[in-house]
Colleague: 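One structure is given below, represented as structure tokens, and several questions about it will come after.
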Amino acid sequence: MREVLPEDDAGVLATALAGYVRAVAAEVGVPPEGTEFEVSDTTTAYLALAEGAGRDLMLVWSSEHGWSVAVETDPGEQPVTVAHLGPPLVPRPAEVARFVADVRAGGPGRPELTVAEDRRLLVERLSAYL
């Protein structure tokens, strides 16, 4: 069972995640309106990437799997993951941008990262983006 943060800690996590998503978006070249994030029972982020090879690409992050690039499919279907960035869970924005550039150039991703991340530790990792 996931640890439930007090409401004020959830707010700090949301603020820190918003800062991190803005920093990654700026590095990747995604405008603010092309980003979304959510802090609920899961912590996730989404960045809409420009079309690639005739399909819409997206950069997604979760507190369990880190960053990955996926192909958007029909709205009712799950996206198809193309590549994972791998550890660390909260890499520098420049590293995420290199990953996206490598994927667009046809480079392979890394194995999927699965982490049972404590939300307090996640806040600590994201605190540089407050």
Colleague: Taking all atoms of both residues into account, what is the closest heavy-atom pair of Leu130 and Val12, and its distance?
Modeller: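 That closest heavy-atom pairing would be CD2-O, 3.7 Å.
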
Colleague: Can you give the donor-acceptor pairs under 3.5 Å from side chains of residues 15-33 to other protein atoms, not counting sequence neighbours?
Modeller:
residue, atom, partner, partner atom, Å
Thr15, OG1, Gly11, O, 2.9
Tyr20, OH, Trp67, NE1, 3.0
Tyr20, OH, Pro91, O, 2.6

Colleague: Hey, any chance Leu13 and Val90 share a hydrophobic cluster, counting ILVMFWY side chains that come within less than 4.5 Å of each other, even indirectly?
Modeller: yes

Colleague: Closest heavy-atom contact between Glu95 and Pro88?
Modeller: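 Shortest heavy-atom separation between Glu95 and Pro88 comes out as OE2-CD, 4.2 Å.
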
Colleague: Do any N or O atoms from the side chain of Trp61 and from the backbone of Leu89 form a donor-acceptor pair under 3.5 angstrom?
Modeller: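 Present.
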
Colleague: Could you pull out the closest heavy-atom pair between Pro79 and Met58, with the gap in Å?
Modeller: CG-CE, 2.9 Å

Colleague: For atom CD of Glu36, is the number of surrounding heavy atoms from other residues, nucleotides or ligands below 6.0 Å larger than 12?
Modeller: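 Count not over threshold, so no.
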
Colleague: Could you point out which residue of Leu59, Thr81, Leu47, Asp102 forms a side-chain contact (heavy atoms from CB on, under 4.5 Å) with Val69?
Modeller: Leu59

Colleague: Any chain of hydrophobic side-chain contacts (each under 4.5 Å) joining Val100 to Phe37?
Modeller: yes

Colleague: So Val71 and Val82, side-chain contact (heavy atoms from CB on, under 4.5 Å) or not? Walk me through it.
Modeller: CA-CA 7 Å; Val71 175; Val82 175; 3.5 Å; yes

Colleague: Leu49 and Leu85: same hydrophobic cluster, using ILVMFWY side-chain contacts below 4.5 Å?
Modeller: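 Yes, because Leu49 and Leu85 connect within a single hydrophobic cluster, where side-chain heavy atoms sit under 4.5 Å apart.
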
Colleague: Do Val39 and Tyr129 belong together in a cluster built from hydrophobic side chains that touch within less than 4.5 Å?
Modeller: yes

